[in-house]
Amino acid sequence: MNTLSSAGPAPAIPAFEPLALWGGLECTVARIRNQFRNQIRETGHHDRIEDLERIAGLGLRTLRYPVLLETISPEHPDRQDWRWHDERLGRLQALGISPIAGLVHHGSGPAYTSLVDPSFAPIVAAHAERVARRYPWITHYTPVNEPLTTARFSGLYGHWYPHGCGMDTFLRTLVNQCRAVVLSMQAIRRINPAAQLVQTEDLGKAFGTPVMQYQADYENERRWLSFDLLCGRVDRQHPWHALLLQAGIGEDELGFFVDFPCPPDIVGINHYLTSERFLDHRLPMYPGFHQNTTNAHTYVDVEAVRVDLPARQIGPEARLREAWERYRLPVAVTEAHHGCTRDEQVRWLMEVWNAAQRLRAEGADIRAVTVWSLMGAVDWNSLLQHRNGFYEPGVFDVRSDPPRPTVLATAAAALATQGDFEHPVLDRAGWWKRDERFYRPPTRSSKLRVVGSPRRLLVTGASGTLGQAMSRICHVRGLDHDLVSRRDMDIADAASIDAALRSYRPWAVINTAGYVRVADAEREPGRCFRENSEGAALLAEACARLGIAYVSFSSDRVFSGALGRPYAESDAVSPQGVYGRSKAEAEQRILAAHPGALVIRTSAFFGPWDTYNFAYATLHGLAQGHRPRAGAATAISPTYVPDLAHATLDLMIDGAAGLWHLANCGQVSWHGFAVMLAEAAGFHADGVAVSDHGAAPAMTVLTSERGLVMPTLEHGIDRYLHDSKDHWRMAVGQAQGR
């Protein structure tokens, strides 16, 4: 059997100094009923070996990487296919990256075994021995990722196979996984005595009202079970010893862990914002929340971060300190990821990094922080139970081809090589420390800033739909900004621009101002070009001169609609009217003046906060009993304004430049859009009439060669109906009341 050792041993994981940045790929292979979810395939990494060069380019030298039982021996434990792993691990070795080999990651094994199968642990151990023989240069292993978490999701909550929902199944799956870890490390160390165990676990803590403290105490003892078993601590004095026996775990099985302790060489802590929970028996305070029941009480289990608890009790620093003080073993954060907006993602990474640095200053042996989900993750908002294709970007966004580095890539490279990272969005604390996070507003307000005077954005177009929406979204995301009108800054006047930029001193400008009346542009071409072309270009020139990031917006009206297919960024512009020509000229002048500028082409807006859009007019008319009319000849890309604002801010923070098409995924005529709105709101589709029978077909649909980063149109419509709170319907009632 060949082994991949020609390049010599890979470099060892760095020692205690300095704090290292590791990387990790979301690599779960989970069985859910009779189907398997494979995140390496779903994020596309399976077919992109060049991802490894991208990772190496960040300066990372340690990588949690899958060498999974389910992918190597999917059909039978004695039949292996090593080809994919040989190539990838060989490339890692050549790049000087040390893998931490993961052997089972939230899995129940292939279909021929499961977490409740007595043979599960020996099967995993046999796989571990084969891996160690084939790749003897690998020195660090995670035989089973998060055994306790997997046991909860698979044996207690029923989410994953074998879909158990009781204490007996939970503890059986936990013991089988921990036994697999011990047997695997024994097998590996027979081949490589120096091999190290990097054991991962989510250590979220439970808090509660005084009435529910007993349940919180119970769950807080439970959370240490995987590490306690491996460290040989679950003897007759352990609080869970009797409960394990009651669940059918034999004395001899528990004695195995005492007789053959396998303490981690590195305790790996995976901490997420929702890991910490608050148990509350005051049910009327949480209408609509799922309720749990003990023998004594019914209660809700909510995110502790949304409850007003002492700051030092929650968060990554508190959990890392607990793990260090309990075991006094080297500790690493083995997953740092937050599926949120880009600013919040980088805020979370830096909070975890800084927490590790503070603990090291106290003397704790914290080895590393792992930037997780390098290629993102799919459907983790439903714990993989639903195939919605919900993608969370990571360090790279795989919706672009090739994967596009996000601001997390910039942060990771800085942390890996310099140990620090700086960005304007870090001037403000993450949402988990701002007042808007609370279920119930606290009696005191934190108004937390990381620095005293946060750097600010400048948003133009205070009177427009997009400017107002951008300001709202900036506020939600904790992005300090100034929203200005023409009185504050006339973008078509160079002196006014210079004065405003000196006064506001923004780190980025988002220009939503301009001439928007398409039909009137034919009568006022001079004004249209002044506001759309001259103004946008002057502002770009000023921002380029001062080193300020710049974002401006264009329109699908730079295209004629005659191409017969959706337009991509590289398609030649072909404007038919004054408005379209003004936008096409603006694009050219902006990018010539400021090559780092971001120009967003988008399509017809609809949003929840104003009444001047097609969606409101359609639904308001239907609610009044009218029959709205809409054209069926032209295909368009209706764009939900909050999605547009979020995607624009993400791209701006990532440092994206050039032309980018942003519209909700989907194409429909105006009539088709009206029908979709009607049906989603509960009206009959035949309530919408066609207004352009016999008109020539056209298509101004936008697609993107750079990455489809917007949600679907259907999803946008659903959220429009939710976010608008039926104001189109209430307006009818108010009118009738008068």
Side-chain angles (χ1 to χ4, degrees), residues 25-47 66-85 102-128 130-131 142-181 184 200 202 226 247-248 290 339 373 375-392 398:
L25 294 159
E26 174 50 55
C27 58
T28 295
V29 174
R31 184 178 178 185
I32 301 175
R33 295 177 178 82
N34 292 320
Q35 295 188 346
F36 286 85
R37 298 292 301 264
N38 184 330
Q39 291 283 285
I40 289 294
R41 287 189 177 275
E42 291 183 44
T43 60
H45 175 65
H46 182 274
D47 300 315
V67 194
L68 300 183
L69 169 63
E70 290 92 342
T71 58
I72 290 174
S73 301
E75 304 298 334
H76 192 277
D78 295 334
R79 294 198 297 269
Q80 297 88 44
D81 184 347
W82 299 98
R83 291 171 295 177
W84 188 89
H85 299 81
L103 307 184
V104 175
H105 196 101
H106 285 320
S108 191
Y112 52 76
T113 188
S114 80
L115 294 179
V116 294
D117 180 3
S119 67
F120 175 80
I123 287 173
V124 175
H127 172 65
R130 288 190 290 266
V131 172
T142 302
V144 179
N145 173 68
E146 292 189 3
L148 182 75
T149 303
T150 303
R152 287 192 294 119
F153 291 170
S154 298
L156 192 59
Y157 309 147
H159 300 324
W160 301 337
Y161 195 84
H163 303 288
C165 294
M167 185 59 62
D168 291 4
T169 308
F170 162 67
L171 290 176
R172 169 53 59 198
T173 60
L174 174 65
V175 168
N176 280 359
Q177 289 177 92
C178 289
R179 186 177 181 88
V181 173
S184 293
T200 60
D202 186 324
S226 55
H290 175 74
S373 287
M375 298 296 157
V378 181
D379 285 339
W380 271 96
N381 64 332
S382 67
L383 293 175
L384 307 179
Q385 296 178 90
H386 304 294
R387 291 185 180 271
N388 296 324
F390 183 88
Y391 177 69
E392 299 173 17
V398 304

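Defined by atom type and a distance below 3.5 Å, a donor-acceptor pair is missing between the side-chain atoms of S73 and E75. Between T200 and N145, the side chains place a donor N or O and an acceptor N or O closer than 3.5 Å (distance only, hydrogens not considered).
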Practice problem: Mind running side chain to side chain contact (heavy atoms under 4.5 Å, CB included) on V378 and F390 for me, showing each step along the way? | Solution: CA-CA 5 Å; V378 181; F390 183 88; 6.0 Å; no
**Request:** Decide side chain to side chain contact (heavy atoms under 4.5 Å, CB included) for C27 and Q39; before the verdict, give the C-alpha distance in whole Å, the side-chain angles of both, and the deciding distance to 0.1 Å.
**Result:** CA-CA 5 Å; C27 58; Q39 291 283 285; 5.7 Å; no
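In this structure, W82 and H127 have parallel ring planes: the angle between them is below the 30° cut-off, well short of the 60° mark. Ring pair Y157/H159 is tilted by interplanar angle, where 30° to 60° counts as tilted.
Scored by the ring-ring contact (aromatic ring centres under 6.0 Å, His included) test, H386 finds no partners at all (sequence neighbours excluded).
T113 places no side-chain N or O within donor-acceptor distance of the main-chain N or O of G109, the cut-off being under 3.5 Å. Judged by distance alone, with hydrogens and angles left aside, the side-chain atoms of Q35 form no donor-acceptor pair with the main-chain N or O of I32 at under 3.5 Å. When atom types are taken as modelled, the side chain of T71 and the backbone of L68 share a donor-acceptor pair closer than 3.5 angstrom. Panel note: side chain S154, backbone A151; no donor-acceptor pair is recorded below 3.5 Å.
You'll find the side chain of L174 reaches within 4.5 Å of the side chain of S226, heavy atoms only. For the pair H85 and V131, the minimum side-chain heavy-atom distance is 4.5 Å or more. Within the 4.5 Å cutoff, no side-chain heavy atoms of L103 are placed close to those of T142. You'll find the side chain of R152 stays beyond 4.5 Å of the side chain of E146, heavy atoms only. Side-chain contact between W160 and R31 is absent, with no heavy atoms from C-beta onward closer than 4.5 Å. No side-chain heavy atom of F36 sits less than 4.5 Å from a side-chain heavy atom of L384.
Checking N176, T169, D168 one by one against R172, the side chain to side chain contact (heavy atoms under 4.5 Å, CB included) holds for a single residue, N176. Test R83, R79, Q80 against I72 for side chain to side chain contact (heavy atoms under 4.5 Å, CB included) and you get one pass: Q80.
The six-membered or imidazole ring of H106 lies near that of W380, with a centre-to-centre distance under 6.0 Å.
Between R41 and D47, no side-chain nitrogen of the basic residue sits less than 4.0 Å from a carboxylate oxygen of the acidic one, so the salt-bridge criterion is not met.
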